[in-house]
Amino acid sequence: CASVHEPLDGLQRDVLKIVNTLAKLLIERVGKIKSEMNHDRPLLEKKISETQQLLRRLQSGKLDLYEDYRQGKITREKFISIQKKRQQESDQLNRSLATLQNNLETLIKKSEQIDSVSADAEQAQFLSEYKPDVVRRIVRCVRVYGKGRFELDLTVNDDFIIEALNAAISMVG
């Protein structure tokens with residue numbers, strides 16, 4: 001059987017080398033992604049705040065507009081025209097606000113995922129011996145083809161993590 005199967009110790013040693021390298025490169029890439037996210041989050045929060053403020057101004061302007069109409073300062077047609085224009089602005093701002101809030105939620109979720117991946121990678125980076133419970137957090141499956149050739153399926157499959165790993169692998173290979 002030894003001629004058909006790869007020795008387990010050698011396979012584990014080779015997988016561990018790759019996991020250590022991938023973990024190191026992943027941590028570096030995740031740091032860059034996290035830095036970009038830390039830059040983007042305050043900008044999104046600021047845009048959300050500005051949009052909410054504009055919506056509040058439009059709401060408070062409704063009373064003023066109605067008061068001007070009631071006092072005869074503007075005509076009915078002008079009142080309807082301004083009201084229609086403001087409603088369109090309000091609708092557009094509400095759509096923008098929903099998009100911004102969705103983007104912020106996505107950014108927060110990605111940040112949490114990155115923190116989790118980073119913690120797993122930090123543990124795997126300095127492994128000196130093969131520990132399946134730690135390796136399993138990064139590697140889902142190892143396919144062995146013989147003659148020292150094997151493939152790793154990773155546990156993460158999000159686009160931003162795949163991008164980070166592809167960048168890491170291109171640096172290794």
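Residue numbers start at 1 and run along the sequence shown. Computed from heavy atoms alone, side chains included, the values below leave out hydrogens, waters and symmetry copies.
The two residues Leu16 and Glu129 make their nearest non-hydrogen contact at CD2-C, 3.6 Å. Closest non-hydrogen pair, Ala121 versus Leu26, comes out as CB-CD2, 4.2 Å. The two residues Leu54 and Leu93 make their nearest non-hydrogen contact at CB-CD1, 3.8 Å. Across every non-hydrogen atom of Ile114 and Met37, the tightest pair is CD1-CE, 3.9 Å.
At a threshold of 4.0 Å, the pair Glu36-Lys32 does not count as salt-bridged, since none of the basic side-chain nitrogens sits closer than that to a carboxylate oxygen. Look at Asp68 and Lys78 and you find no salt bridge, because none of the NZ, NE, NH1 or NH2 atoms lies under 4.0 Å from a carboxylate O. With salt bridges taken as basic N to acidic carboxylate O contacts below 4.0 Å, one links Glu67 and Arg70.
Thr99 places a side-chain N or O within 3.5 Å of a backbone atom of Arg95 that can act as its donor or acceptor partner. Looking only at distances, no side-chain donor or acceptor of Ser49 sits under 3.5 Å from a matching main-chain atom of Glu45. In terms of modelled atom types and a separation under 3.5 Å, the side chain of Ser96 and the main chain of Gln92 share a donor-acceptor contact. Under the 3.5 Å distance criterion, the side-chain polar atoms of Asn94 are matched with a main-chain donor or acceptor of Ser90. At distances below 3.5 Å, not a single donor-acceptor pair connects side-chain atoms of Ser81 with backbone N or O atoms of Glu77. Thr106 contributes a side-chain N or O that, together with a main-chain N or O of Asn102, makes up a donor-acceptor pair within less than 3.5 Å.
Relative orientation of the Phe79 and Tyr69 rings is parallel, given thresholds of 30° and 60° on the angle between their planes.
At a threshold of 4.5 Å between non-hydrogen side-chain atoms, the residues Glu89 and Lys84 do not count as touching. Put simply, the side chain of Gln101 reaches to within 4.5 Å of the side chain of Gln52, judged on heavy atoms. Looking at Ser60 and Arg56, their side chains never come closer than 4.5 Å, going by heavy atoms from C-beta outward.
Within 6.0 Å of NZ on Lys24 lie no more than 12 heavy atoms contributed by other residues, nucleotides or ligands.
Val135 pairs in a side chain to side chain contact (heavy atoms under 4.5 Å, CB included) with only one of the listed residues (Val142, Asn20, Val19, Asp120), which is Val19.
In the hydrophobic clustering of ILVMFWY residues, with side-chain heavy atoms under 4.5 Å counting as a link, Leu55 and Leu100 come out together. Put simply, Leu127 and Ile27 are part of two different groups of oily side chains (I, L, V, M, F, W, Y) that touch within less than 4.5 Å, one to the next. Ile48 is not connected to Leu43 by any chain of hydrophobic side-chain contacts under 4.5 Å among Ile, Leu, Val, Met, Phe, Trp and Tyr, and they are in different clusters. Residues Leu58 and Ile74 fall into different hydrophobic clusters, defined by Ile, Leu, Val, Met, Phe, Trp and Tyr side chains chained together at heavy-atom separations under 4.5 Å.
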(message) Between Arg86 and Ile82, does the side chain to side chain contact (heavy atoms under 4.5 Å, CB included) criterion hold? Intermediate values first, please.
(response) CA-CA 6 Å; Arg86 287 186 179 177; Ile82 293 171; 3.7 Å; yes
(message) Show, in sequence, the C-alpha distance, side-chain angles and deciding distance for Gln125 and Thr21, and conclude whether the side chain to side chain contact (heavy atoms under 4.5 Å, CB included) test is met.
(response) CA-CA 7 Å; Gln125 179 182 8; Thr21 304; over 6 Å; no
(request) Could you walk me through whether Gln83 and Gln88 pass the side chain to side chain contact (heavy atoms under 4.5 Å, CB included) test, one step at a time? (result) CA-CA 9 Å; Gln83 193 176 27; Gln88 289 172 340; over 6 Å; no
